[in-house]
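Everything quoted here is computed from the prediction, not taken from an experiment. Quick note on labels: first sequence line is chain A, next is B, and so on, each numbered from 1.
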There are 2 protein chains.
Amino acid sequence: MTADPVPSRRPGAAGDPVPVHRPGAAGDPVPVHRPGATGDPAPARRSRRHDPGRRDRLIDATLRVIAERGVAGTTHREIARAADVPLGSMTYHFGSLDEVLAEAFTRHAEAAAKVFDERLGAATDRDGAIEAVITLVRDDLLGSPDDLVLAVELYVAAARNPALRAVTQGWMQRSRRALERHFDPTTAREVDALIEGLVLHSALSTDPMTPDQIRHAIERYLR
Amino acid sequence: MTADPVPSRRPGAAGDPVPVHRPGAAGDPVPVHRPGATGDPAPARRSRRHDPGRRDRLIDATLRVIAERGVAGTTHREIARAADVPLGSMTYHFGSLDEVLAEAFTRHAEAAAKVFDERLGAATDRDGAIEAVITLVRDDLLGSPDDLVLAVELYVAAARNPALRAVTQGWMQRSRRALERHFDPTTAREVDALIEGLVLHSALSTDPMTPDQIRHAIERYLR
DNA sequence: TGGTCATGCGTACGAGCGTACACATGATGC
DNA sequence: GCATCATGTGTACGCTCGTACGCATGACCA
C-alpha cells in the first residue's frame, strides 16, 4: 500500500489506454476460460495470448473480490485467481495494487452514479422525484447487498487514500447534483445524507428496515 | 485474521479476567515508559516487570493505531510500538489479534454510547432533547475526527467479522434506546440513521457541513 | 537474605504478500 | 515458410506478518 511518486514501469510508458497489444480478433466475452471438463491435476496449458478486454475483466474480478473479502483481503493473487489469469498478468496490466483498487472503485462509483441519474432523470415533477428516491433506495441500493458492502469498503479506504477520496467525492457530488434537479441544494444535501444513513443502518442491522419504513422516512422528510 | 475455535493458550487458562500477575503496588498511570532523555542508540534495558494496567494501555494504544493506520494497518508490532512494550507482551495478554480488535472496539463503542446517554439523559423535554441531539452531533461526533474514523473502521470490520458485528449492534441499539426516551421508536430509528449519514458525509466531504447546516437538518426533521 | 518458580520477554519460524525480471511464445512482415 | 521481436508468463526475492516457545527475571516466602 504505497501511493508514492512514479506510477511504475509498464510497457506503454506514455499515456495509451489499453496496455499495448494490437487490435486482432473481435472482443467476444470470456475468450478462453476454464478448459471445460478436465481432471483436476495438471492445470493444462491453454493458449491465452492476445486477450483483449482482459484488463476490464480484471477490474470486474477485483470488485467481486472486494465485495467478498474486503479491501484488506484483496491481493494480486486473489484477483488473478478470481479472473483465472496468471499472477504475472496483474503487474503487466497495472502498475500497483493501489492502481487496481482505484480503478475498480472508480468503475463502481460510475455505475452507481449512472443509476442515480437514470432514476431521477425519469421523474418529471416533485412527487415523481420523491417516488424515484424511494425506489432508488429500496430497490437499487438495498436490493444488492454486494454494492452495499462495496460502498462501505470504499468509504473506509477513502479515509486513508487521497486518490480514492477523489472517487468518493465525485460520487457524492454526482448524486447530489442529480437530487438538485428536483430539490433545492440544502434539501438535496440533507436527503443525500439521510439516504446514506438509511442504507448503512440497514446494511449492518440484524433487524433491517422494511421497504415501508424506508418509504416512511423519506416521505416524512420530503413532504 | 482467524476467528476459529480454541481461543489459544495463555496462562490463566480458566476464565480469570486479568491474565495473571499478583496485586502488587497501586496502579499509577504509565508506570515506566520512555527513559526520559537518553541518546537514541542502545534502547536501554528497563525493568518493566509487574505492570498492572498494561492490558488496558494496550487496548488504548490499539485504538490509537486503528485511528491512525486503519484496521488493515493494525498489527501486533504496531500496537506494541505505540504502547512501548515488547512484542511478546501482545501474545501474552491476548490470544489473537482479533481478540485485541474486538476488545478495543467494544471499549470504544462503550464510551461512545455513554456520551449518547449523558447528553440525552440531561434533557427534560422534547425541545431539550432536540438541542441535545444537535450538540451531540455537532460537538461530540464531528468534533473528534478520530472517533469518526474509528466508527467507519468499525463498520467495515463488522461487515466481515461476526464478533464485531455484535459490538456494532449493541452500539446502535443503545443509541436508539437513548433516543426513544424522548421520541417514538420510528422517529428514533430515523433520527439515528440521519445522524449516521450526516456524520459520514461530513467526515468524507472536502466541503463539510457547517454547524448551522447540521442544526438545520436535524430541526427540519424533528420539528 | 537466599531459593524458587510464576511471570513476562526475545527470538525464530513458516506463510503470504507485492513486485521485478528473464524468458517462452506466437502474431507479423517479408 | 521463416525470422523477428513485442507481448504475456513463470518464478523468485525480500519483506512483514501472526504466533509459538524456551529462557531470563525478579517478587515472594521462609
Inset, instruction - May I have the step-by-step check of side-chain hydrogen bond (donor to acceptor under 3.5 Å, both in side chains) for A:T135 and A:R119, ending in yes or no? - result: CA-CA 8 Å; A:T135 304; A:R119 289 264 178 252; 5.9 Å; no
Inset, instruction - May I have the distance from B:H76 (atom NE2) to C:dA15 (atom P), rounded to whole angstrom? - result: 19 Å
Legend entry - B:L198 CG to B:L142 CG distance, which is reported to the nearest 0.5 Å: 8.0 Å
Inset, instruction - Specify the residue among A:R77 and A:G88 whose closest nucleotide of DNA chain D lies further upstream toward the 5′ end. - result: A:G88
Inset, instruction - Let me know, please, whether A:E78 or B:S89 comes out on the 5' side of the other along DNA chain C by nearest nucleotide. - result: B:S89
Inset, instruction - Between B:L87 and A:T75, just flag the one whose closest nucleotide in DNA chain C comes earlier from the 5' side. - result: B:L87
Legend entry - Interatomic distance where CZ belongs to A:F94 and P belongs to D:dT9 [whole Å]: 13 Å
Legend entry - Closest nucleotide among C:dT7, D:dT19, D:dT9 to the A:R54 side chain: D:dT9
Inset, instruction - Round to the nearest Å and state the distance from A:H93 atom NE2 to D:dT9 atom P. - result: 7 Å
Legend entry - Length of the CG-P vector between B:L101 and D:dG18, whole Å: 10 Å
Legend entry - Length of the line joining B:R81:CZ and D:dC17:P, which is rounded to integer Å: 7 Å
Legend entry - Nearest to side-chain heavy atoms of B:T91, which nucleotide of C:dG8, C:dG18, D:dA20: D:dA20
Legend entry - Interatomic distance, A:M90 CE vs D:dT11 P [rounded to whole Å]: 19 Å
Inset, instruction - Choose from D:dT19, D:dT9, C:dC9 the nucleotide whose nearest atom is closest to any side-chain atom of B:L97. - result: D:dT19
Legend entry - More than 12 heavy atoms of other groups within 6.0 Å of B:R107 CZ: yes
Inset, instruction - Please step through salt bridge (charged side-chain N to carboxylate O under 4.0 Å, His left out) for the pair B:E153 and B:R69, ending with a clear verdict. - result: CA-CA 10 Å; B:E153 292 279 351; B:R69 303 191 184 265; over 6 Å; no
